[in-house]
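Please read all numbers here as calculations on a predicted model, not as lab measurements. Worth knowing before you read on, the calculation uses all heavy atoms, side chains too, and leaves out hydrogens, waters and symmetry mates. For ligands, and for the atoms within them, numbers begin at 1 and follow the listed sequence. Quick note: residue numbers are just sequence positions, from 1.
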Amino acid sequence: VKTGGRNNYRFFEASMNAAARRAIEIQRGLAVAVTNGELFLQYQPKFDCGSGSILGAEALIRWRHPALGLVSPAEFIPIAERSGQIITVGQWVIEEVCRNLRSWDAVRPGAMRIAINLSQIQLRSPQVVEDILAITERHGVPPAMLMFEITETVAMQNAEETRRAIDRLQQAGFEMAIDDFGTGYSSLSYLQEFGVQQMKVDRSFIAKLTETAKGGAIVAAIIRLAHSLGMEVVAEGVETEAQLALLKELKCDQTQGYLLARPLNGADFVALLDRHAAG
Ligand code: C2E
Ligand code: CA
Ligand code: CA
Ligand code: CA
């Protein structure tokens with residue numbers, strides 16, 4: 001028994017080391033990922049819930065590491081946040097969205113917005129608004145073509161600099177969305193604090209939407225709450241026709257999810273836009 005315990009401990013230590021080694025490899029790899037051209041974006045459309053037309057898309061970062069293959073942003077974004085590399089990576093995302101927008105004739109100013117995920121670390125960096133304005137102006141992309149998705153965290157409460165950054169971005173003409181609504185620690189106080197245009201209901205609520213009466217009641221209440229505050233509601237992670245039907249009934253504004261479209265490479269997103277425009 002004693003030896004078994006010892007072996008377990010060794011095994012535990014070894015797997016800890018493997019996880020730590022992978023994190024270090026990811027951090028090292030990220031340092032050259034931008035210059036080596038290993039990052040790319042996919043775009044997941046946002047659809048009008050009622051008509052099914054495309055109202056925009058969310059840019060989602062992808063990384064093809066030379067040895068590790070595709071690494072999920074769910075794995076490398078938190079590492080980049082801890083190391084501070086999120087600033088460089090985040091700037092690359094904004095640049096790349098601007099470059100893409102400039103090359104897509106199908107996307108006209110005012111017709112739709114591309115949503116960019118902004119990390120809390122980016123939002124709290126003192127230069128964030130100047131950086132965003134400098135990049136978009138350099139590429140000639142008007143703020144009306146972009147919006148930013150931010151998540152709520154404990155750190156958000158009373159973060160005066162965060163509130164100022166959000167205000168300034170909105171004054172410049174960008175819209176803001178609260179991402180993953182309902183999963184943070186401060187959902188309601190957050191709503192009181194910030195006037196943002198869009199609320200994205202977290203996928204975990206949509207997954208339970210049609211399963212229990214409670215699940216439906218919670219989403220219905222979130223939608224009413226958002227509407228009473230003058231916000232648009234986006235349901236994320238819509239995977240079934242039953243979910244879509246109920247969301248329409250509940251007067252949800254927009255839907256996003258594998259049922260209607262997975263994240264697409266830029267060319268495929270533009271092809272989808274063309275098909276929608278033609279049909
Ligand atoms: P998120 O912002 O909540 O993005 C939605 C995630 O859900 C994406 O995962 C998307 O591919 C996935 N998804 C969309 N529809 C469905 C569905 O119907 N079912 C399921 N099961 N999943 C769906 P992804 O692309 O792996 O991104 C994970 C997270 O990484 C994002 O969550 C976001 O927090 C972060 N992230 C991605 N790109 C960026 C970025 O450019 N900057 C920052 N700061 N974070 C990013
Ligand atoms: Ca998002
Ligand atoms: Ca989300
Ligand atoms: Ca998320």
Contact atoms of ligand 1, heavy-atom distance to [X] under 4.0 Å:
X      : value
Pro263 : 11 (O)
Val93  : 41 (O)
Gly257 : 15 (N), 18 (O)
Ser119 : 44 (N)
Glu58  : 2 (O), 4 (O)

TODO: Please answer: with hydrophobic residues joined when any side-chain heavy atoms are less than 4.5 Å apart, are Ile135 and Met176 in the same cluster?
DONE: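 Same hydrophobic cluster.
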- [ ] Scan side-chain atoms only and decide if Gln254 and Lys200 contain a donor-acceptor pair under the 3.5 Å cut-off.
- [x]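 Note: Gln254 and Lys200 side chains miss the donor-acceptor criterion.
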Task: Tyr43 and Asn265: side chain donor to acceptor below 3.5 Å - done: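 On atom types as modelled, these side chains do not qualify, holding no pair under 3.5 Å.
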Task: Gln85 side chain to Gln27 backbone, donor-acceptor under 3.5 Å - done: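 Side chain of Gln85 to backbone of Gln27, a donor-acceptor pair under 3.5 Å: yes, one is there.
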TODO: For the pair Asp48 (side chain) and Gly50 (backbone), establish whether a donor and an acceptor sit closer than 3.5 Å, ignoring hydrogens and angles.
DONE: yes
TODO: Would you indicate whether the side-chain heavy atoms of Ile150 and Ile166 approach each other to under 4.5 Å?
DONE: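 They are in contact (side-chain heavy atoms under 4.5 Å apart), so the answer is yes.
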- [ ] Evaluate the side-chain proximity of Val201 to Val234: yes if any heavy-atom separation is below 4.5 Å, no if none is.
- [x]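 Contact flag for Val234/Val201 side chains = no.
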If you measure every N or O of [X] against every N or O of ligand 1, does any of those distances drop under 3.5 Å?
X      : answer
Leu118 : no
Gln256 : no
Arg62  : yes

Please confirm if an N, O or S atom belonging to [X], backbone or side chain, lies less than 3.0 Å from the Ca ion (ligand 2).
X      : result
Thr151 : no
Asp179 : yes
Glu149 : yes

TODO: With the Ca ion (ligand 3) as the reference point, give the N/O/S atom of Asp180 that is nearest.
DONE: OD1
- [ ] With the Ca ion (ligand 3) as the reference point, give the N/O/S atom of Glu236 that is nearest.
- [x] OE1
Task: Pair Phe269 + Trp104: ring centers closer than 6.0 Å - done: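 Ring centroids of Phe269 and Trp104 are less than 6.0 Å from each other.
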Tell me which one of [options] gets a heavy atom nearest to [atom].
atom                    : options                      : answer
atom 20 (C) of ligand 1 : Glu239, Gln243, Gln44        : Glu239
atom 39 (C) of ligand 1 : Ile61, Leu41, Thr240, Leu39  : Ile61
atom 44 (N) of ligand 1 : Asn117, Leu260, Ile206       : Asn117
atom 30 (O) of ligand 1 : Ala235, Gly237, Pro73, Ala80 : Pro73

TODO: For the Ca ion (ligand 2), find the closest N/O/S atom on Glu58 and give its atom name.
DONE: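 Closest N, O or S atom of Glu58 to the Ca ion (ligand 2): OE2.
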Open item on the list: Please check if the number of heavy atoms outside Glu241 that lie under 6.0 Å from its CD is greater than 12.
Closed with: no
- [ ] Determine whether the side chain, the backbone, both or neither of Asp180 has a heavy atom under 4.0 Å from any heavy atom of ligand 1.
- [x] side chain
Task: Qualifying residue for salt bridge (charged side-chain N to carboxylate O under 4.0 Å, His left out) with Lys46, from Glu232, Glu58, Glu149, Glu236 - done: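 Single salt bridge (charged side-chain N to carboxylate O under 4.0 Å, His left out) partner of Lys46 among Glu232, Glu58, Glu149, Glu236: Glu149.
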Open item on the list: Going by salt bridge (charged side-chain N to carboxylate O under 4.0 Å, His left out), name the pairs with one or both residues in residues 23-43, residues two or more places apart or in two chains.
Closed with: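 The answer is none; no pair qualifies.
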TODO: Kindly state each residue pair satisfying salt bridge (charged side-chain N to carboxylate O under 4.0 Å, His left out) with at least one member in residues 66-82, sequence neighbours excluded.
DONE: Arg22-Glu75
